2 protein chains.
Amino acid sequence: MAITESSKARRKTRADSIRNRERLLAAAADVFGVGDGQASLEAVARKAGVGIGTLYRHFPTREALFEAAYRHEVDQLAALAEDLAAGSDPVDALRRWMQANVRLVATKRGMVETLQLAAYGSSELKAYSSERLLTAARQLVERGVAAGVIRGDIPAEDLLRALAGILYAQTAGDWQPAALRLIDVLVDGMRAR
Amino acid sequence: MAITESSKARRKTRADSIRNRERLLAAAADVFGVGDGQASLEAVARKAGVGIGTLYRHFPTREALFEAAYRHEVDQLAALAEDLAAGSDPVDALRRWMQANVRLVATKRGMVETLQLAAYGSSELKAYSSERLLTAARQLVERGVAAGVIRGDIPAEDLLRALAGILYAQTAGDWQPAALRLIDVLVDGMRAR
DNA sequence: GGTTATACGGAGGCACCCTCCGTTTAGCAA
DNA sequence: TTGCTAAACGGAGGGTGCCTCCGTATAACC
């Protein structure tokens, strides 16, 4: 067996470190989300309420921060789907989840702009996110179908594609309100009749 | 007649102003041409040997400088075609002119990168440059055809398109030597036989 | 409670952006 | 030639962002 393997038990990660990391990810999503393509790392640190040094320790490069922030948003969306699936109205749950996707796209746009179309992130990240999002969407749709309130002839894949279409077609400065309204329409159309 | 028209004779533009403007344009082409996408305006001013204030007076925005630099390169290429057309060997003239285009493309690439794909320049600039370049190319080709040393079945438009293809297909870091070699091949192929 | 590995934070050094204004100089007329 | 002055010069200065380094603080463990 490998003799170079760590022999001493690592100390548990400090609680403040975990907390700060979390704060930085949330702040990054916020700052990049406004999408003015002008995201400074110092602004992220300020928003997170941590020192710039802490930001750099957690995320040594700009790219590392963006990628982590994006992944974090995806994870949150997946978790949100879990939560919503436990709630009452399946249609409402679906609507809320799809609306939450707006934030994800905002973050992603910020990433793409700031990284200057550097083929956004790794393809591993792409695979990871599409898989998680599809699972989440499927979970919400299928519950509605089972309850008889959502039509069963629309695969979750198609719904996600439609969502992507709605979100990426919007290019105007204040695109989010329009996107939210369209999502409303889309989800209403998903009701079983 | 318009009463608002300037009534007092304007003083002639100062010689140093003209000289500095010229220097700035040349420096801008150099700095943007290296194409690391990292062109700082201070670097341009330094290279031109003028103060940063002078740069800003001549070109109030980044875009203004880039556009002027590009236009300047186009003008120089047109002028070069005139010069070469007066020289001896038509084939050699054509080769030299096409090789000079490499620098233009380098500048343009720097522009596109630095401006972050801001739909490079005005469409007026596009029209202007393609018209001038086409005229220049046609002049060189037709002289060779008239002298019987260049084949007459290739329109200048096609030659320019081929050149563009050669130049834009190159994406590696040190693409210019390869482009120059390919231009050599292309021009040799243009000989009448 | 004491020790210590970890993490924090921000000062500091550097580069760039852009503006403002005192200084210099080229053009012009006498 | 000389003097006047509009025009141009240049760089200091104030602001921001990048990233590193290291003295200080503190959570984890004994």
Side-chain angles (χ1 to χ4, degrees), chain A residues 6-28 30-69 110-111 113-116 118, chain B residues 6-28 30-69 110-111 113-116 118:
Chain A
S6 78
S7 52
K8 63 172 48 180
R10 306 292 304 146
R11 208 177 251 219
K12 178 165 36 162
T13 304
R14 282 173 53 161
D16 54 352
S17 178
I18 294 172
R19 178 170 37 78
N20 282 336
R21 186 187 154 87
E22 207 74 14
R23 282 188 187 173
L24 280 167
L25 289 175
D30 278 353
V31 171
F32 302 149
V34 304
D36 51 3
Q38 271 290 27
S40 91
L41 297 189
E42 311 228 326
V44 172
R46 271 197 302 275
K47 179 132 199 164
V50 306
I52 186 66
T54 298
L55 184 151
Y56 275 97
R57 198 169 329 97
H58 282 288
F59 307 102
T61 70
R62 215 180 179 66
E63 285 74 14
L65 175 57
F66 294 164
E67 175 157 342
M111 281 178 62
E113 279 179 29
T114 316
L115 294 181
Q116 319 197 158
Chain B
S6 78
S7 50
K8 63 171 50 179
R10 307 289 305 144
R11 209 176 250 216
K12 178 166 34 162
T13 304
R14 282 174 54 161
D16 53 353
S17 178
I18 294 171
R19 179 169 36 78
N20 282 336
R21 186 188 154 87
E22 207 73 14
R23 283 189 187 172
L24 280 167
L25 290 176
D30 278 353
V31 171
F32 301 149
V34 304
D36 51 4
Q38 272 289 28
S40 91
L41 297 189
E42 311 228 327
V44 173
R46 270 196 302 275
K47 180 132 198 163
V50 306
I52 186 67
T54 298
L55 184 152
Y56 275 97
R57 197 169 331 95
H58 282 287
F59 308 102
T61 69
R62 213 179 181 66
E63 285 73 15
L65 174 58
F66 294 164
E67 174 158 341
M111 282 178 61
E113 278 178 31
T114 316
L115 294 180
Q116 319 199 157

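The structure presented is a predicted model; accordingly, all values stated were derived computationally and were not measured.
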Any chance you could measure [X], atom [atom1], to [Y], atom [atom2], to the nearest 0.5 Å?
X	Y	atom1	atom2	result
A:I52	A:R46	CD1	CZ	8.5 Å
B:L65	B:H58	CG	NE2	11.0 Å
A:L55	A:K47	CG	NZ	14.5 Å
B:L25	B:N20	CG	CG	11.0 Å
B:L24	B:R19	CG	CZ	11.0 Å

Verify the contact: side-chain N or O of B:N20 to OP1 or OP2 of D:dA8, cut-off strictly under 4.0 Å; return yes or no. no
Do any side-chain nitrogens or oxygens of B:H58 fall under 4.0 Å of OP1 or OP2 in D:dA8? no
Separation of [X] atom [atom1] from [N] atom [atom2], in whole Å?
X	N	atom1	atom2	result
B:E42	D:dG17	CD	P	16 Å
B:I52	D:dG14	CD1	P	18 Å
A:R57	C:dG10	CZ	C1'	11 Å
B:F59	C:dC18	CZ	C1'	16 Å
A:K47	C:dG9	NZ	P	18 Å
A:I18	C:dA7	CD1	C1'	12 Å
B:R21	C:dA26	CZ	P	19 Å
A:L24	C:dC8	CG	P	9 Å

D:dG17 base to A:R62 side chain: any donor-acceptor pair below 3.5 Å?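 By the distance-only test, no, there is no pair.
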Ignoring hydrogens and angles, are the base of D:dA7 and the side chain of B:R14 linked by a donor-acceptor pair under 3.5 Å? yes
Listed nucleotide nearest any side-chain atom of [X], set [options]:
X	options	result
B:Y56	D:dC9, C:dC8, C:dC18	C:dC18
B:R46	C:dA7, C:dC16, D:dC19	C:dC16
B:S40	C:dA7, D:dA12, C:dC16	C:dC16
B:R11	D:dA7, D:dG11, D:dT20	D:dA7
B:K12	C:dA7, C:dC16, C:dG27	C:dG27

Can you work out whether A:T13 or B:A43 has the more 5'-proximal nearest nucleotide on DNA chain C?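 Its nearest nucleotide being more 5', the pick is A:T13.
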What's B:T54 touching, base or sugar-phosphate or nothing? Going by heavy atoms closer than 4.0 Å. base
